[in-house]
*Asks:* 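Submitted below is the structure of interest, expressed as structure tokens.
Residue numbers start from 1 in every chain, and the chains themselves are labelled A, B, ... in the order their sequence lines are given, proteins ahead of strands. Keep in mind it's a predicted model, so treat the numbers as computed, not measured.
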Amino acid sequence: MVATSHDVMPDIELYQPADEANALELADTLGSDGWLLGGGQDTYGWLKDRNKSPSAMIELTGIDAWKGVSETGDGIEIGAVTTLTEIAEHSLIQSRFALLATAAGQVASPQIRNVGTLGGNLIQDTRCWYYRRGLSCYRAGGNICYADSPEGLNREHALFGSSRCVAVSPSDTAPALVALDATMVVSSASGQRLIAAEDFFVGPARDILNMTVLNEGEILTAVRIPNTWANAEYYFEKVADRNVWDFALVNIASAMRVENGVIQDARMACGAVECVPRRLTQVENMLRGQARSEDLGAEAGELAVQGARPLNYNHFKVPLMANLVKRAVRA
Amino acid sequence: MAYMHIGKDFVPPDVIGKVTGRIKYAEDYTREGMVYARLLTSPIPHARVLDIDASEALAMEGVFGILTADEVYPDGEPQSTGLKILTNEPTLVGEPILALAAVDEKTAESAIAAINVTFERLPFVLDPLDSLQEGGPNAFVGGNTFGQQGFTEAKWSSDQVASFRAGNAPAEDAPTTGPIPTFSIGDLEAGFAAAEDGFVYEGSFTTAGYPHHSMEPRSAMAYWEDGKLYLHGTSQSLTALANDMAGIIGVAKEDLVFINAATGGGFGQRARAGSIPSMAIPAKMSQKLNRPVMMRITREEEFTIGGARQGFQGWIKVGFRPDGVMSACDIFVVSDNGGKGGGADAFSAADCISILYQTEAVRFRGASVATNTAHRGAQRGPGQNQIAPIISPIMDVAADALGMSRLDIRVVNSAQTGDVGGPQGTPLTSAYMPEALRQAADAFDWEGRETRRRQRSGSKVTGLGIGQGYHNAGRSGMDGIVMMGADGRLKIHSGVGNLGTYSYAATSRAAAEVLKMPWDRCDIVTGRTDNHLPITSPQDGSNSIFTNTRTCYGAAMDMVAKMKEIAAADLGGEPADYDISEERVHQIADGSVGMTYAEVAQRAMELGGKYTGEAELPEELHEWTQIAASRLAGSAFMGIYHDPAHSNNPPGFTVTCTEIELDLETGKYEILDMVSIGECGTVVHPQGLKNQLVGGAVWGIGLSALERHLYDPQNGLPASTGYWQSKVPTYLDTPVKIDTGWVDLPDPENPVGARGIGEPSQGSVSAALTAAITDALDGHIFGAAPITTDMIINHIAGTQEDAVALAQNNFRG
Amino acid sequence: MEEGIVRYRRDVWGEEVILGVSWDLLWVVAVAVLVLLAAHAIVMAVLVNRKMDKPSADGRRVLRHETIDRWFHWIMAVSILLLIFTGVAPIIGLRVAWLEIHWISGLILTFVVVFHIIRSLFWQDFKSMILGPRDFGEPFDSAKKPGKYSFEQKGMHWAVTIVALTVIVTGILMFVQIDTPFWDRTNSMPEDQLGLVFLLHGLSTLALVALAASHMYFALRPEKIFYTRSMLTGWISEEEMAANHDTTRWSPKEAD
């Protein structure tokens, strides 16, 4: 028998490793029983609602090696447990990759950004309210979707890439990192692998239970941003119901190289329209060599939303997404 | 009039505690041996409990016991709507079935998870129109409405429901049902005939019925000692709530000590005990276990049992004569009455139109239908505020059609002293709406800004809006007590709840004013009922300022009269020869002949009898006040008063002007400027009034722009069970600055000229904001509150959603 | 929530309902089939030593399977293998976009099975596949030879028939629960019934895995491989027929 509201933390082991090796070993040993804890903003709701029941938490914020921003040979590296506030306010990121600083600065609320980490923002679970309520839906290992049905409340759900589950990626920083062609550094006891930001996220067709390709025992430890798009012309915009403490209805991150008003190259991604940040490759291809204009923006917007499959209540995302692409192009 | 206290700011005594966090709310108290209760609530929108197997839970270590509906209601549950303490027939998800007490909350939760409840699932319904339809499901076993005949079924034909859903006028004979199903003022037909050469608007509308969002959940802690029940709880009216809570718990009034020093937000759902029967659970559990019991209510539970506004699905037709006078209004509202009965919001909405716009003819019809959703009850301006954002854009469209200014059409239709309103044609005690409109327009530079109307700048367009709010704002017939000991300090006994408005303190100042007491020589005695507090009205309906300045004023006047009597008796002359000043009662002719207040109080205690409340108490005192007075009797000098009921309607009015800039590409807008003016008689506490105007503005933005209360239509699950999902406005959704002001003209039926203001301050902002959105979109009337980002984008894009019809709770998923 | 062969979950209102089969059984089935087939292989290896030579494939050929039936068999085989692979992939943690391949394969399987049923009822010798009392004696009497199909073949056929039909019917019921180019999904099926459908689909999948493995094993066994050849080419030799079949009960046409 279940009650409808718990709101009490269950008994849970808390591990607070102080170094990388210890954390990776714990992640390896505990496997799916070890919940990775960053700022806790996605964690505590799950646990207090008793909708996820790991037996242990591995707190990652004590590991200095996974914190902070540093320059590398061809770009920068940001530790995964760096707070969003630090990223939003970091002078190097602001000066070179303002796209990410802007995106990080629009996540949730100041209080959440103060404790929330980049890693947490990237690997946070989807916000579909049916799933968050603890219902045994596809994403929770069940055999049903409550959101995608004739009466489902799916205003915030996906336009693209649905496969039984119609949940969307809630992250603001993820589209920015896809647009910046970042690389995710994933560590485990058996070593390290590098994954392109675009390939880091996974949709329900391939894995309905997870939002990223992280395997058990693996930890996202850093994000590397190459200088490829440094100081490009950036555009980030998040449209949410509320201006603070909300998830995007649609967001867009765009990086462009423009010379004399002509787009030399572009990289764009939209969030909250698919389970993964949606890279707009067709739009990018169309834009190259074109002069920025209102008409080009409108054309790009139309191209971006081709193939969208709205659900009951999210038709508005189609013109909204088209408009955001338009704004990014003409900006 | 020059006042010593009225109209001046002061620091209410609880401010420091609130700022420092030291003030205690119910959840902050502990007691030795205290155990923790948690609720098992219904996971099903409508069900019958067939069996409860708690054997495994009760065998767990640290578990003390459970409490069920059968124990709470040994003679069976009341066969009516209304929230129950616990129930075996839940009519909404989240309704408490049983409580379990354990050594801590974690243990309690684990034990609750081990309880097996067998339910029989019953049909449920979430949209009142689904229930109205013939053959449609009912929220209760006995029907979908509850009235004097008990449960009954209200049904329309399928054609009637389909036509109403499609936005058409209900048939003349459309069945009505509800607490107040119909009223008619004036000649409707003549009113619309007069509008034939003017302007007539007709359309459908929906408003969301969303919850109260009190920051403090309705947690409570209780223990029994020496036959008395000590209940730490939450309320927005202290003695009124305690008086009724005694009955719900089944304890004699004299044996209940209700402790409630501060409340984290009331907004209508904590005014009356019937809205918070869950506070009886720790009381009953404590009685059963003989231990103090703390029951913390979770945020989600606060949403499910905390109640919500009634949502509307309505149709309205409004006629304006060529001179702009609103000559007729015909309105039909199907109200969502929720799973536990609701209120008469729709009636109040129509009543509001009649008063606020002085409409010549008004017809109201409605059907109030139960659904298996949250308990519905009074929420800040219940009815008046739902209709405010619906009617305001209609005024604007009419003004444009008639070639009038949007300010002028409101002036033409505004209420003034001497006007009447509502179905009974009740006179207003006073009204200064034209002054309020003028003051707001001047402060906002309405005429000057009109040039910016609908101006485009890139993808952005400017919208201007003006809105009005109304709520009847004052009751009477309550009691007041003031006391004074040998130290000469004035003790003002206040039964007013401390719901965050500081009205308990502001109203007390009427007593200080009468006695010309320096504020630092006054103590407000309140916070717990064993401080012996007089009865007051439930503090809903913006009434505290009007109601309790009358009682405090009266009690102080009684004390002044007694002072004069004592002085005359001791010092010679008649009482009429005496006056008071500087804490002395003295002869008018020779100020040196007199006594200090301390001396009078000392003398009063020596004299006893009526001077200390041992004799000659007002006969009409409420039973609760009688108990309080009897316990105070003989302890100090007493001033006591029963306020006779007045008959007219003291209105609270507000006017708001706002300017927005709406981005046609994102559907988002920024509120650039906002001015709200209060028209509430004499201002008692400027800072308190400002707080009400600004707080009401935030609420108005929520009503017009954001707030929602969704239920999954498939399964009846609440989707808005937290601040994030229900979209309460945040700091960045409100303007940087909200300017406030007030008319400050006295009301003759209040001794200090004051009327209430809490509720309309939301309505006028909602009305103004909705009008501004309509303005920015070239006069497009959505007929909805809220108007959310997606609705704006869809409108601009011309999106044709092949989605299900709107319902007030599920306006957008 | 795992209990034996069934997994349970909470429905939308918190009541326990069936979720489906416990996929731990996949490993149980895999191991059991491997053990049984290995045992069979060992026993046969011992027996073969004592047996005579295989009949010759040379000489006159008789028609065992018509072209259309061979196409049917191989299309069915491919679709079933694809269905098993795509169905099992997410269970064993392979991140592949399996669902569309799965339902397209399922549709193909359904189509060919329906085709086969109709053809077998009206255009094929349906009686040749009927299991009669005589068939049950066959394994115990080396003198008894079968007609066109041996007891084992008939057994395998009917087992596959039952399992395939179950997997197809439950698969179709599951198919209507997902979005496809033809329709949008609904939640029209009560959650407890949905769980039952998933359970039956899972159980029949497990049986299909076992049957497919066994079938492939026997098809590749040296003494049976001429049947596999016949499924490719259509014919068996007269000698093979005489050695394995009662010619009075099966008189095939001569192969082209």
*Asks:* Are any side-chain N or O atoms of B:Lys727 and backbone N or O atoms of A:Asp246, one a donor and one an acceptor, separated by less than 3.5 Å?
*Replies:* no
*Asks:* Looking at every heavy atom in both A:Arg242 and B:Tyr723, which two are closest together, and how far apart are they?
*Replies:* NH1-O, 3.2 Å
*Asks:* Are B:Asp790 and A:Lys317 close enough that some pair of their side-chain heavy atoms sits under 4.5 Å apart?
*Replies:* no
*Asks:* Between A:Pro10 and chain B, with a heavy-atom cut-off of 4.5 Å, which part of the residue counts as in contact: side chain, backbone, both or neither?
*Replies:* backbone
*Asks:* Does the pair B:Glu300 and A:Arg133 meet the rule for a salt bridge (charged side-chain N to carboxylate O under 4.0 Å, His left out), with working shown?
*Replies:* CA-CA 11 Å; B:Glu300 180 171 341; A:Arg133 198 178 162 80; 3.4 Å; yes
*Asks:* Salt bridge check: are A:Arg330 and B:Glu665 linked by an N-O gap of less than 4.0 Å?
*Replies:* yes
*Asks:* Apply salt bridge (charged side-chain N to carboxylate O under 4.0 Å, His left out) to residues B:Asp663 and A:Arg327 and explain how you reach the verdict.
*Replies:* CA-CA 12 Å; B:Asp663 194 319; A:Arg327 287 155 85 97; 2.8 Å; yes
*Asks:* Specify the closest pair of heavy atoms between A:Leu153 and B:Ala719, including all atoms of both residues, with the distance to one decimal.
*Replies:* CD1-CB, 4.3 Å
*Asks:* Let me know if A:Leu249 has heavy atoms under 4.5 Å from chain B in its side chain, its backbone, both or neither.
*Replies:* side chain
*Asks:* Among B:Lys106, B:Glu109, B:Glu105, B:Arg38, exactly one meets side-chain hydrogen bond (donor to acceptor under 3.5 Å, both in side chains) together with A:His6. Which residue is that?
*Replies:* B:Glu109
*Asks:* Using the side-chain hydrogen bond (donor to acceptor under 3.5 Å, both in side chains) definition, which of the options B:Asp733, B:Thr730, B:Thr734 pairs with A:Asn243?
*Replies:* B:Asp733
*Asks:* For chain A, find which of B:Ala108, B:Ala705, B:Ser110, B:Pro729 contributes the most heavy-atom pairs closer than 4.5 angstrom.
*Replies:* B:Ser110
*Asks:* More than 12 heavy atoms of other residues, nucleotides or ligands under 6.0 Å from CE of A:Met9: is that the case?
*Replies:* yes
*Asks:* Let me know if A:Val239 has heavy atoms under 4.5 Å from chain B in its side chain, its backbone, both or neither.
*Replies:* side chain
*Asks:* Heavy-atom pairs under 4.5 Å with chain A are the metric here; pick the option from B:Ala797, B:Pro718, B:Gly722 that has the most.
*Replies:* B:Pro718
*Asks:* As a test of understanding, state which of A:Tyr130, A:Trp129, A:Tyr146 forms a side-chain hydrogen bond (donor to acceptor under 3.5 Å, both in side chains) with B:Asp712.
*Replies:* A:Tyr130
